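To keep things clear, I will list the structure first and then write my remarks on it.
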Amino acid sequence: MKPASKRPSPARLRALWPDVWALVKPRRGALALGLVLIVISRVAGLVLPASTRYLIDDILGKQQYEMLNPLILAVFVATAVQSATSYTLTQLLSKAAQRLIAEMRGKVQAHVGRLPIAYFDAHKSGALVSRIMNDVEGVRNLVGTGLVELVGGLLTALLSLFILFSISVSMTLVAMTVVLVFTGVLQSAFSKLRPVFKERGIIQSEVTGRLTESLGGARVIKGYHAEAREEEVFRQGADRLLNNILKSLSGVSLLSLSATLLMGIVGALVMWMGAGQIIDGTLTLGGFVTFTAFLAFLIAPVFQIVNIGTQLTEAMAGLERTREILNEPREEDDPRRKVILGPIEGEIRFDNVSFQYEENKPVLQRINFVSSPGTMTALVGSSGSGKSTIIGLIAAFYVPNEGMVSVDGVDLSTVAISSYRTQIGVVLQDTFLFAGTIRENIAFSKPGATEEDLMRAIKIARVDEFCERFPEKYETIVGERGVKLSGGQRQRVSIARAILANPRILILDEATSSLDSESEALIQEGLNFLMKGRTTFVIAHRLSTIRRADQILVVEAGEIVERGTHSNLLTANGRYRELYDKQQGLEENLFLAPGEGDA
């Protein structure tokens, strides 16, 4: 992962403005109203400090007491207007910001869900969760009160500056000089803080990713008594995050220190110059008090810029990371995928296919075979030989580096994903169930299925045999990843899900390898029904389950080294026979009585 650059280039900053405008444009009405409200609020807020000059010089100094009540009424009305506009502003923009966050999360999730499998292979699921949930959080300051408050602060500063010049040009110029110097310091500081905030998002996603893995693998961790190791891994990640936060806090603290020092310097200079002008008679006491009050209104936005500017810097960093993920090309964005498939027959052909995940590390080499509609093709071989990669190519998870995979004679790399994947079904060894009900998990493959179709799939897969014993029957909650069901029960739910989908192409990735003999026998009945009339691909762990396969492909080191039927391959006395005899011997030894196998 590339480290965040120390200083974002102007080109990178300019590149973000179209994204900022895309967020602001639909809400420009609310922002415009917010700007109007902030103008009214800030102008009303200036009435109180402006009234001090009249109070001191005219009402008290010149004893014009008849002006007191109107002045107090004006201050009261202005304060009421300021309060009402501030409340309306917060309600309007804060809610708009929260709607934006929800919209952005939905947009990022929808995009991530349509990225190719290769992207998920390279990124942790927990890190992606963090990017979806956390990176968009800061954009509320682009539409919420943050940006408008910043504009309001600048407006207040400009109005205050005009009034300050009308009171004393010399004191205003001195104050302006100090403020401009500090503005340069702010600009430099924010350019250095932005990559720190971006790096925080990266660290946070990594820590969240590892934490998600640890929670999901709680049984493995406890099984190996590895709690202490996981604690250490998480602590190191948390420390990295802490160091980043401390670095940003140090920067913000220095800005606050500088701002406080600025106020002290300006205050001291104004006191010195103001006292001299009062003595000389060029400035009244009321004028001096009013000047100091408006000087606070000039400097206060500087403190506000420190706070809001930090939030906006964080928002831009989050927006940049969000933009990175939204720029990742989706599967359907592939310009080659224009062919819309109708109902398919299910012929799959590999023509001289080679594939590699990483450059110069071939996984498959020169793979050639044809699976006719309605036939069963079994893939066997050592672990890591390339069987799952072949399945991945059939499912269009990947595109060959060389050669062609075709369905009914159409190059699969040119086919629109949506028109193909709706016609395939997958049953995996590691069955994935969602943390809902049994009914919801089965209906996942076909949400609009009728009750009749649903129950038919349930009976064929023998789900009803165990489900009817549960108090909630088909509304039973299965828990995260189906943890409340046994392996055999989860697998039967998975098969029912595939039956309901009624696919033309069926992929069984070691669907029964982890089950006991009794569970396998029950599940095999459902699988046999499921395979009828469909083009089926089976990755076989137990070779005894593929005796009826129309063709068996023996894959080793990314190449097909043998092919044929079960009986033909046994007769050939090659690699398949070697695997078969070894497995038969292992299975027999498992059932030997103690000492029976000893020489």
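Keep in mind it's a predicted model, so treat the numbers as computed, not measured.
Taken from CZ in Arg330 to CZ in Arg337, the straight-line distance is 13.5 Å, to the nearest 0.5 Å. Asp239 contributes atom CG, which lies 12.5 Å from atom CG of Asn244 (distance to the nearest 0.5 angstrom). For the atom pair OG of Ser382 and CG of Leu579, the computed distance is 6.0 Å after rounding to the nearest 0.5 Å. In this structure, the separation between OG on Ser494 and CD1 on Ile499 is 10.0 Å, given to the nearest 0.5 Å. To the nearest 0.5 Å, the span separating CD on Glu359 from CG on Asn401 amounts to 10.0 Å. Of the inter-residue distances, the one linking Leu412 atom CG with Arg336 atom CZ reads 10.5 Å to the nearest 0.5 angstrom.
Proximity of Ile438 to Val463: side-chain heavy atoms (C-beta onward) are separated by under 4.5 Å at one or more points. At least one side-chain heavy atom of Leu393 sits under 4.5 Å from a side-chain heavy atom of Pro400. Ile539 has its side chain within reach of Ser388: a pair of non-hydrogen atoms, C-beta onward, lies under 4.5 Å apart. Annotation: side chain of Leu364 is not in contact with side chain of Ser354 (no heavy-atom distance under 4.5 Å).
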>> side-chain contact (heavy atoms from CB on, under 4.5 Å) for Phe355 and Gln365? Distances and angles first, verdict last.
In response: CA-CA 7 Å; Phe355 179 80; Gln365 302 178 70; over 6 Å; no
>> Could you walk me through whether Leu500 and Phe444 satisfy the side-chain contact (heavy atoms from CB on, under 4.5 Å) test, starting with their C-alpha distance in whole Å, then the side-chain angles of each, then the deciding distance to 0.1 Å, before giving a yes or no?
In response: CA-CA 9 Å; Leu500 185 64; Phe444 182 81; over 6 Å; no
> Under the side-chain contact (heavy atoms from CB on, under 4.5 Å) criterion, do Ile424 and Leu506 qualify, and how do the steps go?
Replying inline: CA-CA 6 Å; Ile424 68 174; Leu506 178 63; over 6 Å; no
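With sequence neighbours left out, the salt bridge (Lys or Arg N to Asp or Glu O under 4.0 Å) criterion links Arg439 to Glu451, Glu475.
Tested against Phe537 for a side chain to side chain contact (heavy atoms under 4.5 Å, CB included), the candidates Ile505, Leu508, Val426 yield a single pass: Ile505.
In terms of heavy atoms, Ile367 sits closest to Gly558 at CD1-O, 3.4 Å. The two residues Ala496 and Ala457 come nearest to each other via the heavy atoms O-CB, 3.6 Å. The two atoms that bring Pro329 and Leu115 nearest to each other are O-CD2, 3.6 Å, heavy atoms only. Here the closest heavy-atom approach between residue Gly381 and residue Lys387 is recorded as O-NZ, 3.2 Å. Ser445 and Arg497 get closest at one heavy-atom pair: OG-O, 2.6 Å.
For His111 (side chain) and Glu328 (main-chain N/O), a donor-acceptor pair under 3.5 Å exists by modelled atom type. Ser385 places a side-chain N or O within donor-acceptor distance of the main-chain N or O of Val555, the cut-off being under 3.5 Å.
Using cut-offs of 30° and 60° for the angle between ring planes, the Tyr357 and Tyr398 rings count as perpendicular.
Shown here is Phe397, whose CZ atom has more than 12 heavy atoms of other residues, nucleotides or ligands within 6.0 Å.
Listed by first and then second residue, the salt bridge (Lys or Arg N to Asp or Glu O under 4.0 Å) pairs that reach into residues 106-119 are Arg114-Glu332, sequence neighbours excluded.
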